[in-house]
Peer 1: 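Have a look at this one.
All chains are named by letter (A, B, ...) in the order of the sequence lines, taking the proteins before the strands, and each is independently numbered beginning at 1.
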Amino acid sequence: MAAAAEEMGFSYFPGCSLATSAKENNRSLMKVCRKLGFKLAELEDWNCCGSSSTHSIHSDLAFHFACRSLALAPEGRPLLVACPSCMLRLRQAQLHLQADPDARRGYERMWGRPVDPRLNIIHFFELLDNGFGAGSNPELQGALKGLRFAPYYGCMLTRPPAMRHEKNYHGLLEKVLGSFGAQPLGWGHPSRCCGTFLSVAKPAVVTPMVNQIIQGAVDVKADCIVTACAMCHLNLEIRCSLKTQLPIFHFSEILSIALGMGIKKSWLKRHLVDPLPLLKARGFLEKTAAI
Amino acid sequence: MDVLRQMAIEGGVALAEPDILAFHREVVGSINRYGRTHKLEIMMRYKIGQLDLFSDIDLGLKMLAKRKLDLLPSKISDQRAIKRIFETCGVNGNGGSR
C-alpha cells in the first residue's frame, strides 16, 4: 500500500475552491496525505491562480497571477496541487517561463528572484500513480467492497495543447479504488464537462449537462459518482434537477474510507446530496462514527 | 480561443453573451480586491448587476446552510503584489482596459 517509502515534504497549493467551497475535499486530502507519509506545508500567502475567468479575458493577467504563487514556492520542495484547474494554470505558466526568455526576465523583475528551473509541480494523482493500492492486504482489499461507483474526471485533467505530452491520469480512480474492492463502472461521461463557470451565468445551459452526467451514472446503476475535481463536484451537486440524485464524493473522501480512517461527519454535512443513506447501507458508517 | 475572445473584447465587438463577460469581470474583480476569489460576493455582485435577484436564492441559502459559501473573503496579506500585477498588465480592477 505504501505510497512514500519515507516521509516526503511538499509545498501545497490548495486553490480557492478547496480553501472555501470544498473544504471537505481539502481536509480529507490532508488527512490521506498524512496517513501516506506525505507532509504538506501550505504555500504561504498563495493567491488565486486566476481560474477560467482570467485567462478567458486577459492572458497576461492570468500568467502573472500564476507566476506570483510560483515565486512563493520554496526551493527544493515539489509543489503539490489538488485542483485540476489550478494545476493547468500553474503548469502552463511554468511552461511559458521555460520557453520564453522575455517572460523569465519579466518574472525576475516582478518578483525579485530567478525562475526555479527545478520546481516540480505535481497533481495529487501523481502521488498515487506508482502502483499505490490495497496491495495484498486482505482487509484493505475489502475496505470498499460493495461500492459501485462512476469515476468522473471532468475535462480539466484533459490536457490543452501546451501540455499534450503530459500524463492525464485517466484510469487512476478505477485502478486505486478498485484495488480496495470498489467496483468501477464503465459509462459514457467520465470526461464530460460539468459546465464550469457557466453554472452561475448560464444555469439553463449547465443543468441539462449535469443531468446527462448524473443520468448516465444512474443508468449503469452506480451508487455514487467519485470526482477528481472540486469544481465539478459542486456543479454536479447544485445543478442536478433530476428526481433521482446520486451522492457525489471527492476522491480523497473515499480514499479516507479505503485507508480505514472513515469519513468525517463534518465533511458529510457539507454535501448537498446526502451520502449518509448510502454509507449506512454499505456498512461504511461504523467507521465514520468512530472518528 | 482565448486570443479571439480577447481580441473581440478589446475591439469592442458586440457580445452575444454579455452576462458571461460580466461574470468573468466579477471573478477578476474579486481577485483584485482580495488576491483570491470570494464566491458569495461574486455571485451576489453578478446577480445584482444582472438585476436578477431571485433566480438562485434557494440554492444560495442552501449553500450557505451547508457552509459551501463563506460569508467573509479569504485574503492574501501582500495586496500590493496584486495591485502591481494589475498595473503591469495595464488593466483596471475588473480586467478591463484602463
Peer 1: Output the option from B/E10, B/H24, B/E17, B/M63 having the highest count of non-hydrogen pairs under 4.5 Å with chain A.
Peer 2: B/H24

Peer 1: Let me confirm one number: the CG-CD distance from A/L79 to A/Q94, rounded to the nearest 0.5 Å.
Peer 2: 9.0 Å

Peer 1: Which atoms of B/L21 are under 4.5 Å from chain A, going by heavy atoms: the side chain, the backbone, both sets, or neither?
Peer 2: side chain

Peer 1: So, B/K39 versus A/S17: side-chain donor-acceptor pair below 3.5 Å or not?
Peer 2: yes

Peer 1: Given a strict heavy-atom distance threshold of 4.5 Å, which part of A/K269 is in contact with chain B: side chain, backbone, both, or neither?
Peer 2: backbone

Peer 1: Please flag which part of B/N94 lies under 4.5 Å from any non-hydrogen atom of chain A: side chain, backbone, both or neither.
Peer 2: backbone

Peer 1: Please round to the nearest 0.5 Å and tell me the distance separating atom CH2 of A/W46 and atom CD1 of B/I76.
Peer 2: 10.0 Å

Peer 1: Just to be sure I understand the criterion: a residue of residues 95-116 of chain A counts if one of its heavy atoms is under 4.5 Å from a heavy atom of chain B. Which ones qualify?
Peer 2: A/M110, A/W111

Peer 1: Relative to chain B, which segment of A/E24 carries a heavy atom at a distance below 4.5 Å: side chain, backbone, both, or neither?
Peer 2: side chain

Peer 1: Can you confirm whether the side chains of A/K264 and A/S28 place a donor and an acceptor under 3.5 Å from each other?
Peer 2: no

Peer 1: Report the distance from atom CD1 of A/I225 to atom CD1 of A/I214, rounding to the nearest 0.5 Å.
Peer 2: 4.0 Å

Peer 1: Please examine the side chains of B/K47 and B/Q50, heavy atoms only from C-beta on, and report whether any two atoms are closer than 4.5 Å.
Peer 2: no

Peer 1: Give a yes or no on whether a salt bridge exists between B/D78 and B/K83, defined as a side-chain N under 4.0 angstrom from a carboxylate O.
Peer 2: no

Peer 1: So for atom NZ, which belongs to B/K75, do other residues, nucleotides or ligands contribute more than 12 heavy atoms lying within a distance under 6.0 Å?
Peer 2: no

Peer 1: What distance separates A/L88 CG from A/C155 SG, expressed to the nearest 0.5 Å?
Peer 2: 9.0 Å

Peer 1: Has B/R67 got more than 12 heavy atoms of other residues, nucleotides or ligands less than 6.0 Å from its CZ?
Peer 2: no

Peer 1: Strictly less than 4.5 Å between heavy atoms, which residues of residues 235-244 of chain A line up against chain B? Please order them by number.
Peer 2: A/E237, A/I238, A/R239

Peer 1: Which answer fits B/I85, side chain, backbone, both or neither, if we ask what part of it has an atom under 4.5 Å from a heavy atom of chain A?
Peer 2: both

Peer 1: Check each atom of B/D56 against the heavy atoms of chain A and say whether the ones under 4.5 Å are side chain, backbone, both or neither.
Peer 2: side chain

Peer 1: List the steps, then state whether side chain to side chain contact (heavy atoms under 4.5 Å, CB included) holds for B/L69 with B/M43.
Peer 2: CA-CA 10 Å; B/L69 294 171; B/M43 286 172 71; 4.3 Å; yes

Peer 1: Tell me which of these, B/I20, B/V3, B/I42, has more heavy-atom pairs under 4.5 Å with chain A than the rest.
Peer 2: B/I20

Peer 1: On a heavy-atom basis, which atom in A/C193 and which in A/Y152 lie closest, and how many Å separate them?
Peer 2: C-OH, 3.7 Å

Peer 1: Mind ranking B/I9, B/L40, B/T37 by heavy-atom pairs under 4.5 Å with chain A and telling me who comes out on top?
Peer 2: B/T37

Peer 1: Rounded to the nearest 0.5 Å, what separates atom NE2 in A/H250 from atom CD in A/E253?
Peer 2: 5.0 Å

Peer 1: With a 4.5 angstrom heavy-atom cut-off, which part of B/T88 approaches chain A: side chain, backbone, both or neither?
Peer 2: side chain

Peer 1: Quick one: list whatever passes side-chain hydrogen bond (donor to acceptor under 3.5 Å, both in side chains) with B/E26, sequence neighbours left out.
Peer 2: B/R45

Peer 1: Between B/F23 and B/Y46, how do the two ring planes meet: parallel, tilted or perpendicular, split at 30° and 60°?
Peer 2: perpendicular

Peer 1: Is there a donor in the side chain of B/Q79 and an acceptor in the side chain of B/Y34, or the other way round, less than 3.5 Å apart?
Peer 2: no

Peer 1: Start with the C-alpha distance between A/L272 and A/I248, add both sets of side-chain angles, then the distance that settles side chain to side chain contact (heavy atoms under 4.5 Å, CB included), and finish with yes or no.
Peer 2: CA-CA 9 Å; A/L272 271 76; A/I248 319 289; over 6 Å; no

Peer 1: By the definition side-chain contact (heavy atoms from CB on, under 4.5 Å), identify the one residue from A/L43, A/L29, A/V81 that meets it with A/Y12.
Peer 2: A/L29

Peer 1: Counting only heavy atoms from other residues, nucleotides and ligands, does the tally under 6.0 Å from CD of A/E166 exceed 12?
Peer 2: yes

Peer 1: Of all the residues in residues 53-73 of chain A, which have a heavy atom that comes within less than 4.5 Å of a heavy atom in chain B?
Peer 2: A/S53, A/T54, A/H55, A/S56, A/I57, A/H58, A/S59, A/D60, A/L61, A/H64, A/F65, A/R68

Peer 1: I need the residue from A/C16, A/G15, A/G50 with the largest number of non-hydrogen atom pairs under 4.5 Å to chain B.
Peer 2: A/C16

Peer 1: Where on B/L59 is there a heavy atom nearer than 4.5 Å to chain A: the side chain, the backbone, both, or neither?
Peer 2: side chain

Peer 1: I'd like to know which of B/H38, B/K68, B/K62 tops the heavy-atom pair count under 4.5 Å against chain A.
Peer 2: B/K68

